[in-house]
Number of protein chains: 2
Amino acid sequence: MNIAPKNQHSAITTGPLPASSKVYRPGILHPDIRVPMREIMLHPTSGEPPVTVYDSSGPYTETAETIGIERGLPRIRARWLAACSDLEVYDGRHVKPEDNGFATGDRLTPEFPIRNRPRRAINGKAVTQLAYARAGVITPEMEFVAIRENIGRRMPEQALGRDGESFGAHIPDYVTPEFVRQEIASGRAIIPANINHPELEPMIIGRNFLVKINANIGNSAVTSSMEEEVDKMVWAIRWGADTVMDLSTGRNIHNIRDWIIRNAPVPIGTVPLYQALEKVGGIAEDLTWEVYRDTLIEQAEQGVDYFTIHAGVRLHYIPLTVDRVTGIVSRGGSIMAKWCLHHHKESFLYEHFEEICDICRAYDVSFSLGDGLRPGSIADANDAAQFAELETLGELTRIAWARDCQVMIEGPGHVPMHKIKENMDKQLKTCGEAPFYTLGPLTTDIAPGYDHITSGIGAAMIGWFGTAMLCYVTPKEHLGLPDRDDVKVGVITYKIAAHAADLAKGHPAAQVRDDALSRARFEFRWEDQFNLSLDPDTARSMHDETLPKEAHKVAHFCSMCGPKFCSMRISHDIRTEAQKEGLAAMAERFREGGQLYMPLGGTIETKPTGA
Amino acid sequence: MNIAPKNQHSAITTGPLPASSKVYRPGILHPDIRVPMREIMLHPTSGEPPVTVYDSSGPYTETAETIGIERGLPRIRARWLAACSDLEVYDGRHVKPEDNGFATGDRLTPEFPIRNRPRRAINGKAVTQLAYARAGVITPEMEFVAIRENIGRRMPEQALGRDGESFGAHIPDYVTPEFVRQEIASGRAIIPANINHPELEPMIIGRNFLVKINANIGNSAVTSSMEEEVDKMVWAIRWGADTVMDLSTGRNIHNIRDWIIRNAPVPIGTVPLYQALEKVGGIAEDLTWEVYRDTLIEQAEQGVDYFTIHAGVRLHYIPLTVDRVTGIVSRGGSIMAKWCLHHHKESFLYEHFEEICDICRAYDVSFSLGDGLRPGSIADANDAAQFAELETLGELTRIAWARDCQVMIEGPGHVPMHKIKENMDKQLKTCGEAPFYTLGPLTTDIAPGYDHITSGIGAAMIGWFGTAMLCYVTPKEHLGLPDRDDVKVGVITYKIAAHAADLAKGHPAAQVRDDALSRARFEFRWEDQFNLSLDPDTARSMHDETLPKEAHKVAHFCSMCGPKFCSMRISHDIRTEAQKEGLAAMAERFREGGQLYMPLGGTIETKPTGA
């Protein structure tokens with residue numbers, strides 16, 4: 001194992017983004033809170049303050065921080081958790097050989113070097129954010145996300161002028177801890193934050209907050225090392241992933257997950273069924289409630305923040321998929337379908353759902369109710385199987401809520417544009433406004449290799465309609481395992497979709513960054529344009545392909561039009577002229593009732609109104 | 001000049017796409033018509049016929065064709081045009097030194113080797129598709145596009161079951177030549193087809209037809225050779241561009257354009273103002289109507305199929321742009337604004353618009369009325385300047401129509417999602433349903449380097465709402481000149497957007513390809529999946545990165561999940577089981593009133609209804 005210190009070659013990507021520094025905002029109710037944000041410095045000629053942006057990247061983008069993945073991240077929630085009298089520390093489950101697929105010797109990924117004893121709720125207590133919210137308690141996590149969602153803006157003196165169509169979402173001008181508490185209490189939002197994940201920087205998922213994105217990582221048959229997986233996670237959050245799902249299969253699942261969680265400042269989600277299946281040698285029929293239950297506890301103790309549970313795949317829904325073009329495309333869904341069919345029994349996930357709730361309630365693992373029957377093609381979108389399962393997810397939501405568990409609902413998949421809104425509307429209605437978490441959806445099937453784009457279109461739209469978190473799709477979807485570049489392209493594409501959704505919903509802070517970047521563009525502040533973009537490195541290198549010189553970074557033109565044709569430069573000339581000629585005043589008069597429409601005819605008015 | 005024959009190294013990309021062959025459908029009214037389509041062969045195990053797709057690539061994707069760009073493409077329309085008694089052949093304008101920016105010697109791109117005398121309308125005649133459509137004539141071009149739009153499908157026996165939301169578009173089950181004539185006559189569609197572009201394979205742009213895409217090429221200050229530009233055009237149409245705009249600036253504009261048009265099977269559009277500006281040394285103030293008029297005739301004689309004319313930028317609108325975040329971002333718009341302001345006079349394009357119509361009418365050059373005041377940032381979307389200009393574009397549309405000219409309207413730009421539909425609705429209303437042709441729109445400003453994606457989202461949406469043609473945006477937008485890879489990514493992204501729009505509108509033939517590809521995916525016909533995709537090369541190479549062997553092309557799994565976890569494989573198991581157990585029959589009963597929702601409770605129904 002070779003963990004290089006920061007300044008040597010290391011597989012882990014660290015260091016700040018260009019022109020950026022991290023700032024931390026304190027709490028008021030909980031003064032020891034330090035909420036991270038990123039400030040992007042602008043060129044002095046701009047006369048503008050730094051632009052503050054939401055920052056999910058954790059300590060890895062610190063200048064000062066020395067990362068060593070064998071130590072794990074600072075345990076920032078440890079003190080809050082220690083102060084909680086509802087929790088107890090206990091010995092925890094022992095790691096079993098099957099947890100790592102019976103890997104031994106060189107093939108066994110080493111255990112994470114530091115072992116902390118896990119916490120759980122004292123018998124019968126609910127320690128979820130939902131339970132505290134319902135009890136009127138504002139937890140440190142709630143204040144943390146409230147500060148985070150404001151992205152550094154202050155409470156406005158009066159209601160902001162708002163621009164957007166929110167489709168029933170109610171995004172406040174300013175997010176207070178009490179607002180967060182109410183949203184959690186109502187079930188409209190969740191803070192996935194396992195009590196055994198003290199390294200977490202809390203974040204919130206809900207329709208009345210910024211749209212979030214998830215990136216999937218995970219090793220597979222093709223082995224990838226623990227360090228590679230940690231770096232994939234770090235890489236994904238560097239570009240903006242808000243949560244990361246570890247979808248590992250194969251050997252070493254337990255140990256790799258430990259390395260990931262101990263180094264993750266974002267919530268980690270899993271599909272426990274994958275590991276359970278490994279434990280029974282990959283034979284779906286051999287799965288049992290006992291193996292599954294043990295896996296839930298194993299992962300809850302490690303600190304997994306949310307579980308995808310495909311409890312909505314019921315035996316009598318399976319026949320509905322038989323005439324589909326692409327059958328069942330969810331891995332979890334197909335495994336459960338096979339189990340149900342083989343045993344001719346109702347799904348053990350459905351039958352034991354209340355017990356699952358009890359586990360989640362004791363560790364505050366959030367539910368991500370899986371859509372095992374989601375459509376895998378345009379032809380299967382919005383069909384009977386999909387919507388039948390959604391009804392069951394609504395039923396399960398109410399059961400989980402009754403036990404104080406936090407819930408979000410997974411959604412499709414492949415859906416043509418005209419059927420997207422129906423998904424959102426039905427989900428809100430059926431699941432009592434629990435947050436929706438969708439995969440894309442892909443708006444056509446014909447572009448493998450570009451499914452980040454086919455799905456980015458659907459993601460932006462469903463995000464606008466109210467989806468709280470968008471699960472990314474990479475260019476490799478349907479074709480292979482995403483590499484580092486694919487992960488980055490997937491994350492950036494989904495940051496675009498999420499941000500486009502925030503803008504369209506009328507989020508009060510969303511347009512700040514667009515406006516700052518557009519001003520930079522108009523004023524030929526090339527460096528500022530790069531630095532304000534979602535991917536400064538790519539923007540800069542594309543510019544430099546044709547105009548590499550430093551002098552070109554202050555040039556009042558670019559390679560597309562050259563100096564003679566530059567519309568922006570001409571616009572500046574016009575503006576200068578306007579100042580001379582008082583055009584601004586003219587514009588004012590014009591707006592106050594000047595003639596907008598002058599018909600073409602014999603007498604052409606060649607001067608502006610009133611000039 | 002080095003024009004290599006096809007089998008040697010050549011800068012021009014030729015040869016068929018994987019598993020594809022070109023087929024040609026004849027006309028009935030005009031039996032000499034040969035309408036190109038592409039047939040994608042599927043694996044024999046599929047038991048399915050080839051999938052026919054729309055094909056804009058011209059003879060370059062023939063197997064037999066020997067391309068030599070010095071000869072130009074076959075002049076397939078020559079006979080139709082020769083038969084037209086409204087046309088005359090004449091000597092045409094002489095090429096002037098300023099047409100090529102006074103380039104001489106080595107710096108002068110050679111003339112295209114073959115000179116054909118141009119045609120024009122006999123004095124006063126209208127030779128536009130619109131004029132013929134109004135006169136009740138079905139031209140060969142109209143029959144050609146009718147056959148083309150059906151993509152090989154036959155007239156259905158009865159009305160198809162339709163799935164989609166068309167927002168008022170009326171796409172027929174089957175496109176007849178008479179339907180095309182009516183759409184042209186009403187102004188709702190255009191066939192850009194200059195009488196001096198006999199190499200053209202006609203295509204139609206209109207809301208009731210397949211959504212089309214345009215790719216921009218063109219040299220710039222950074223010189224690119226004639227051969228490079230021709231290849232960029234060939235490359236763009238290989239991947240699906242329906243029209244190509246030559247936006248060249250700098251020297252050699254005239255000669256390069258000749259090479260492009262003589263080798264272009266798709267309509268070529270230009271912004272004549274760019275060349276006119278070159279002729280006056282790049283000084284906007286020095287532009288005159290005479291120089292501009294001469295440029296229009298020069299380009300009309302060469303065979304340019306549509307002109308972007310920024311005649312909507314009127315003097316009294318300019319003050320409306322002064323307080324914008326990004327001023328005027330259209331090159332043509334800013335040039336005209338500067339001219340208007342300098343001379344304090346109404347735009348000569350607006351004042352001479354009727355004369356421009358007379359030129360277009362004599363050659364059948366279609367108008368693409370430019371949106372010189374389109375928004376260049378989210379902040380400026382849907383503002384007074386933009387919509388004021390749109391009113392003028394509506395006025396100009398009516399003037400052009402009165403003179404039998406074909407018209408489409410250019411649209412934005414940068415628009416957040418919630419403001420996109422307003423653009424479409426206003427355009428339809430203001431411009432009498434003339435086809436809309438939009439650039440994106442970009443749905444956020446914050447992702448330079450990824451503006452194919454920020455705009456692909458907006459393009460898919462506005463295409464769904466009714467935009468007839470989408471102008472592509474490449475990853476280099478705002479940063480530099482697109483190279484070959486950028487052109488391809490831009491085209492594929494826009495093919496995705498256009499196709500997603502066709503699906504959502506409910507185009508009766510759109511889903512055929514999605515379904516064929518999804519069936520291939522479900523049946524592990526990897527080769528078919530690659531071949532049916534928009535970019536087979538990329539799909540194949542991404543797959544092969546992890547599973548390179550030929551054996552993996554028939555493997556019933558992929559590298560993402562590996563064999564154990566493959567949901568599709570499990571779905572097949574389920575289907576097999578279903579056949580044994582008669583689940584299909586059960587599903588039927590279930591659909592006929594089986595219980596969809598069984599509450600979780602004491603007694604769990606563990607068997608499907610009726611089993």
Side-chain angles (χ1 to χ4, degrees), chain A residues 165 221 282 316 319 322 325-329 331 334 338 345-346 377-379 391 416-418 443-449 457 460 464 479-481 496 499-500 503-504 513-515 517-518 522 533-534 538-539 542-543 546 559 562 564-565 567 570-571 578 583-584 586-587 596-597 606 608, chain B residues 165 221 282 316 319 322 325-329 331 334 338 345-346 377-379 391 416-418 443-449 457 460 464 479-481 496 499-500 503-504 513-515 517-518 522 533-534 538-539 542-543 546 559 562 564-565 567 570-571 578 583-584 586-587 597 604 606 608:
Chain A
E165 164 55 60
H316 64 299
V322 168
V325 168
T326 44
I328 300 177
V329 296
R331 277 190 270 174
S334 62
K338 192 164 189 192
K345 277 174 70 174
E346 187 57 89
S377 54
I378 292 298
E391 290 287 337
M417 283 191 286
H418 64 293
T443 53
T444 166
D445 304 339
I446 68 169
I457 294 165
W464 176 25
L479 297 170
L481 278 176
I496 289 169
H499 184 75
L503 280 175
R513 190 170 180 179
D514 293 77
D515 292 351
L517 191 144
S518 289
F522 190 62
S533 69
L534 286 178
T538 297
M542 283 192 178
H543 175 269
T546 31
S559 62
K564 271 195 231 171
F565 281 88
S567 61
I570 297 176
S571 279
L583 277 188
M586 278 161 43
L596 241 184
Y597 174 75
T606 56
Chain B
E165 164 56 60
H316 63 298
V322 168
V325 167
T326 44
I328 300 176
V329 295
R331 278 190 268 173
S334 63
K338 192 163 189 191
K345 279 174 70 174
E346 188 55 272
S377 54
I378 293 296
E391 290 287 337
M417 284 192 285
H418 65 292
T443 54
T444 167
D445 304 339
I446 67 168
I457 295 165
W464 176 24
L479 296 171
L481 278 176
I496 290 168
H499 184 75
L503 280 175
R513 189 170 181 178
D514 293 76
D515 291 351
L517 190 144
S518 289
F522 189 62
S533 69
L534 287 178
T538 297
M542 282 191 179
H543 174 268
T546 31
S559 63
K564 274 194 232 171
F565 281 89
S567 60
I570 297 176
S571 279
L583 276 189
M586 279 163 42
Y597 173 73
I604 304 290
T606 56

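Letters A, B, ... mirror the listed sequences (proteins, then strands); counts begin at 1.
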- Note on the structure: Smallest heavy-atom separation, A/D515 atom then B/V325 atom, equals O-CG1, 4.3 Å

- Rounded to the nearest 0.5 angstrom, the OG1-CH2 distance for B/T443 and A/W464 is 10.5 Å

- Which value, rounded to the nearest 0.5 Å, describes the distance between B/L517 atom CG and A/D445 atom CG? 6.5 Å

- Item | For B/S377 against A/S518, the heavy-atom pair lying closest together | CB-OG, 3.3 Å

- Task: Could you tell me which residues satisfy side chain to side chain donor-acceptor pair (under 3.5 Å) with A/S571, sequence neighbours excluded, listed by chain and number?
- Result: none

- Note on the structure: Most contact-rich option vs chain B, by heavy-atom pairs under 4.5 angstrom, among A/P416, A/A447, A/A460, is A/A460

- Task: Tell me, for B/I378 versus chain A, whether the close heavy atoms (under 4.5 Å) come from the side chain, the backbone, both or neither.
- Result: both

- Message: Holding to side chain to side chain donor-acceptor pair (under 3.5 Å), I want the full list of residues that pass it with A/T444, two or more places apart in sequence or in another chain.
- Response: B/D514

- Message: For a quick test of reading the model, state the closest non-hydrogen atom pair linking A/L503 to B/H418 and the distance between them.
- Response: O-CE1, 3.7 Å

- Of all of B/G327, B/G449, B/A504, which one pairs up most often with chain A through heavy atoms under 4.5 Å apart? B/A504

- Looking only at A/K338, A/M542, A/E165, the option with the highest number of non-hydrogen pairs under 4.5 Å against chain B is A/M542

